[in-house]
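From a predicted model like this one, the values you see are computed outputs, not experimental measurements. For the single chain, residues carry numbers from 1 onward in sequence order.
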Amino acid sequence: MKRGKMRWSGRRGGRLRGGFVLLLGAVAIACRPDHASGQEELPSRDAESAPEELHPEASRAISRLRSPFCPGFMLEVCPTREAQALRDSIQIGAESGLGADSLVEWMIASHGEEYRAFPKRTGAGLLAWVVPPVALLVGLGLVVVALRRLKGPAVATGLAEGLTDEERDRLDAALAQLEEMEETES
């Protein structure tokens with residue numbers, strides 16, 4: 001094997017392949033949600049007291065929240081024990097009469113604004129709802145303007161109507177001369 005070139009075969013390649021497999025295995029183990037934090041998928045309530053269906057307000061609140069325990073996951077799909085406990089707390093709050101908005105605000109107050117899945121529709125959060133559609137419309141308008149400019153000016157249909165007799169005679173003579181030149185070239 002030449003120096004500087006690495007192959008996936010031979011003695012040196014066997015070590016590379018083994019190292020690559022070990023690296024992939026280490027990454028897979030490190031990315032498991034229950035490995036990094038030592039958390040398991042255990043419900044916080046016992047099986048007999050667990051509700052079969054979430055309260056509608058709890059369900060609405062949970063669907064509006066991201067999980068503080070599983071980065072990148074919504075609270076409704078996070079498998080950790082802490083997420084289950086938070087879902088249970090939201091369920092208990094809903095059963096005691098709190099609305100979805102109140103439950104979301106309670107959770108945000110406890111864990112932070114970054115766990116709100118959708119921006120508020122008031123104040124600064126309103127910009128997140130308004131700016132993207134406005135930017136899309138402005139962009140489409142710019143594309144239309146650019147395409148019209150690339151197309152060029154439209155041919156005037158009534159161009160010959162505004163000509164004087166002298167201009168019309170000169171135009172006819174030029175067209176006749178152009179036709180003669182085309183006939184001699186063919």
Side-chain angles (χ1 to χ4, degrees), residues 6-9 12-147:
M6 300 182 104
R7 303 171 122 192
W8 286 94
S9 62
R12 193 177 220 177
R15 281 187 276 160
L16 276 177
R17 195 175 346 189
F20 184 70
V21 169
L22 285 175
L23 177 65
L24 282 178
V27 168
I29 290 172
C31 289
R32 283 190 358 216
D34 60 330
H35 174 74
S37 59
Q39 301 162 348
E40 300 176 23
E41 294 183 37
L42 297 175
S44 60
R45 293 182 175 180
D46 57 342
E48 290 120 26
S49 68
E52 295 192 15
E53 232 179 82
L54 283 175
H55 189 278
E57 292 296 315
S59 180
R60 255 185 260 130
I62 290 170
S63 69
R64 295 182 197 171
L65 296 168
R66 292 188 313 155
S67 175
F69 311 108
C70 300
F73 283 84
M74 294 293 287
L75 181 60
E76 59 194 351
V77 296
C78 180
T80 64
R81 179 179 39 205
E82 288 85 359
Q84 182 62 43
L86 182 57
R87 287 190 294 265
D88 289 346
S89 297
I90 292 172
Q91 172 72 12
I92 291 168
E95 289 171 352
S96 66
L98 292 175
D101 292 334
S102 299
L103 292 167
V104 167
E105 293 305 320
W106 168 79
M107 191 278 207
I108 295 299
S110 300
H111 295 281
E113 188 68 34
E114 66 269 15
Y115 298 111
R116 185 184 305 273
F118 304 105
K120 289 183 177 182
R121 294 187 178 178
T122 59
L126 183 62
L127 290 175
W129 291 102
V130 173
V131 170
V134 169
L136 181 66
L137 291 175
V138 168
L140 286 173
L142 290 174
V143 167
V144 168
V145 168
L147 289 176

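With sequence neighbours left out, the side-chain contact (heavy atoms from CB on, under 4.5 Å) criterion links V145 to R149. Judged as a side-chain hydrogen bond (donor to acceptor under 3.5 Å, both in side chains), and not counting sequence neighbours, E114 has no contacts. Partners of V131 by side-chain contact (heavy atoms from CB on, under 4.5 Å), not counting sequence neighbours, listed by chain and number: L127. The side-chain contact (heavy atoms from CB on, under 4.5 Å) check on V144 picks up R148, with sequence neighbours excluded.
Taking 4.5 Å as the limit, some side-chain heavy atom of L65 sits within range of a side-chain heavy atom of I108. Put simply, the side chain of R116 reaches to within 4.5 Å of the side chain of V104, judged on heavy atoms. For the pair L103/I62, no side-chain contact is recorded, criterion being any heavy-atom separation below 4.5 Å from C-beta on.
With hydrogens and angles left out, the side-chain atoms of Q84 and R87 include a donor and acceptor closer than 3.5 Å.
Among residue pairs with one or both ends in residues 75-138, those qualifying as disulfide bond (SG atoms under 2.5 Å apart) are C70-C78; sequence neighbours excluded. Sorted by first and then second residue, the salt bridge (Lys or Arg N to Asp or Glu O under 4.0 Å) pairs involving residues 132-144 (not counting sequence neighbours) form an empty list. Within the structure, side-chain hydrogen bond (donor to acceptor under 3.5 Å, both in side chains) pairs that include any residue of residues 56-65 comprise E57-R60, R64-D101 (at least two apart or interchain).
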Kindly determine whether L54 and I90 satisfy side-chain contact (heavy atoms from CB on, under 4.5 Å), including the steps that lead there.
CA-CA 10 Å; L54 283 175; I90 292 172; over 6 Å; no
Y115 and M107: side-chain contact (heavy atoms from CB on, under 4.5 Å), yes or no, with the steps?
CA-CA 9 Å; Y115 298 111; M107 191 278 207; 4.0 Å; yes
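Here the straight-line distance linking atom CG of L142 with atom CG of L137 works out to 11.0 Å at 0.5 Å rounding. For the atom pair NE2 of H55 and CD of E95, the computed distance is 7.0 Å after rounding to the nearest 0.5 Å. Remark: H111 NE2 to L75 CG distance equals 8.5 Å, nearest 0.5 Å.
A donor-acceptor pair under 3.5 Å is formed between the side chain of S110 and the backbone N or O of W106.
Between S96 and G93, the shortest heavy-atom contact is OG-O, 2.8 Å.
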